[in-house]
Asker: 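Provided herewith is a single structure, encoded as structure tokens, for subsequent inquiry.
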Amino acid sequence: QVQLVESGGGLVQAGGSLRLSCAASGFTFSTYSMSWYRQAPGEERELVAVSSVGGSINYADSVKGRFTISRDNVKRTVYLQMNSLKPEDTAVYYCKATSLGAYWGQGTQVTVSG
């Protein structure tokens, strides 16, 4: 069955870095757009970054220049390198696979202390 398993979250001080990973199985990874979303307490889930099948990459304005999304189609994994973290980056981070359908991971908590 389809699985998306995020890892790499944790507690970090402001200005620090984390690298999230999302390992995929159960579908043809290379044919799916892969994205990262986040949801802070009391807030709606928001798009952070997306890596499309065609190679285009887009970021939310709030993370441009600080976060980098990448994917390894051989390892079936998408990454989110997060640098210069701020307390407002605190959220549960989810990966999402999108093609004709969409799949979500279970999320990983990122907490940035200020």
Asker: How far does CE of Met82 sit from OG of Ser17, to the nearest 0.5 angstrom?
Answerer: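 Going from the CE atom of Met82 to the OG atom of Ser17 covers 8.5 Å.
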Asker: To the nearest 0.5 Å, what is the distance between CZ on Phe27 and CZ on Arg76?
Answerer: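 Rounded to the nearest 0.5 Å, the CZ-CZ separation comes out at 6.5 Å.
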Asker: What distance separates Thr77 OG1 from Met34 CE, expressed to the nearest 0.5 Å?
Answerer: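 Between atom OG1 of Thr77 and atom CE of Met34 there are 9.0 Å.
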Asker: Determine the minimum heavy-atom distance between Ala40 and Ala91, stating which atoms define it.
Answerer: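 Shortest heavy-atom contact: N-CB, 3.8 Å.
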Asker: Measure across Ala14 and Gly114 and return the closest heavy-atom pair with its distance rounded to 0.1 Å.
Answerer: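 Minimum heavy-atom contact is CB-CA, 4.3 Å.
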Asker: Hey, does the side chain of Glu6 reach the backbone of Gly107 with a donor-acceptor pair shorter than 3.5 angstrom?
Answerer: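 Answer holds: yes.
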Asker: Atom OG in Ser62, atom CG in Asp89: separation rounded to 0.5 Å?
Answerer: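 If we round to the nearest 0.5 Å, Ser62:OG and Asp89:CG are 7.0 Å apart.
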Asker: Heavy atoms, side chains only, cut-off 4.5 Å: are Thr111 and Val12 in contact?
Answerer: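 Not in contact.
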Asker: Within the side chain of Thr31, is there an N or O that forms a donor-acceptor pair under 3.5 Å with the backbone of Phe29?
Answerer: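 Here the side-chain-to-backbone pair does not exist.
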Asker: Identify whether Ile57 and Val78 are in the same connected component of the hydrophobic contact network (ILVMFWY, side-chain heavy atoms under 4.5 Å).
Answerer: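 Yes, same cluster.
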Asker: Side-chain heavy atoms nearer than 4.5 Å, only ILVMFWY residues, links allowed to pass through others: does that put Val2 and Tyr32 together?
Answerer: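 Yes; tracing contacts between hydrophobic side chains, which count when under 4.5 Å, links both residues.
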Asker: Any donor and acceptor pair, going by atom type alone, linking the side chain of Thr90 with main-chain N or O of Val112 inside 3.5 Å?
Answerer: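 Yes; at least one donor-acceptor contact below 3.5 Å.
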Asker: Do Tyr79 and Leu85 sit in one hydrophobic cluster, given that two such residues count as connected whenever their side-chain heavy atoms are within less than 4.5 Å of each other, even indirectly?
Answerer: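 No: no chain of side-chain contacts under 4.5 Å links Tyr79 to Leu85.
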Asker: Say whether Val53 and Leu4 are linked into one hydrophobic cluster, either directly or through other cluster members, by side-chain heavy-atom distances under 4.5 angstrom.
Answerer: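 Cluster IDs for Val53 and Leu4 differ.
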Asker: Ignoring hydrogens and angles, tell me if any N or O in the side chain of Arg45 forms a donor-acceptor pair with the backbone of Gln39 under 3.5 Å.
Answerer: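 Here the side-chain-to-backbone pair does not exist.
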Asker: Between the side chains of Arg38 and Tyr93, does any donor sit under 3.5 Å from an acceptor?
Answerer: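 On atom types as modelled, these side chains qualify, holding a pair under 3.5 Å.
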Asker: From Tyr94 OH over to Tyr37 OH, what is the distance, rounded to the nearest 0.5 angstrom?
Answerer: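 The distance works out to 13.0 Å.
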Asker: May I ask you to decide if Ser56's main-chain N or O and Ser52's side chain share a donor-acceptor pair within less than 3.5 Å?
Answerer: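 Yes, the answer is positive, given that a donor and an acceptor are paired below the 3.5 Å cut-off.
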Asker: Are the side chains of Val92 and Thr108 in contact, using a 4.5 Å heavy-atom criterion?
Answerer: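 No - every pair of side-chain heavy atoms lies 4.5 Å or more apart.
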Asker: For the OG atom of Ser33 and the CZ atom of Arg71, what is their distance to the nearest 0.5 Å?
Answerer: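 It comes to 7.0 Å.
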Asker: Does the separation of the ring centres of Phe67 and Tyr59 fall below 6.0 angstrom?
Answerer: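 No, they do not, as the ring centres are separated by 6.0 Å or more.
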Asker: With the side chain counted from C-beta on, respond yes when Trp36 and Cys22 share a heavy-atom pair under 4.5 Å apart, and no when they do not.
Answerer: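 Contact flag for Trp36/Cys22 side chains = yes.
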Asker: Is there a path from Leu80 to Leu47 through hydrophobic residues (I, L, V, M, F, W, Y) whose side chains come within less than 4.5 Å of each other?
Answerer: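 No; Leu47 is not reachable from Leu80 via cluster members.
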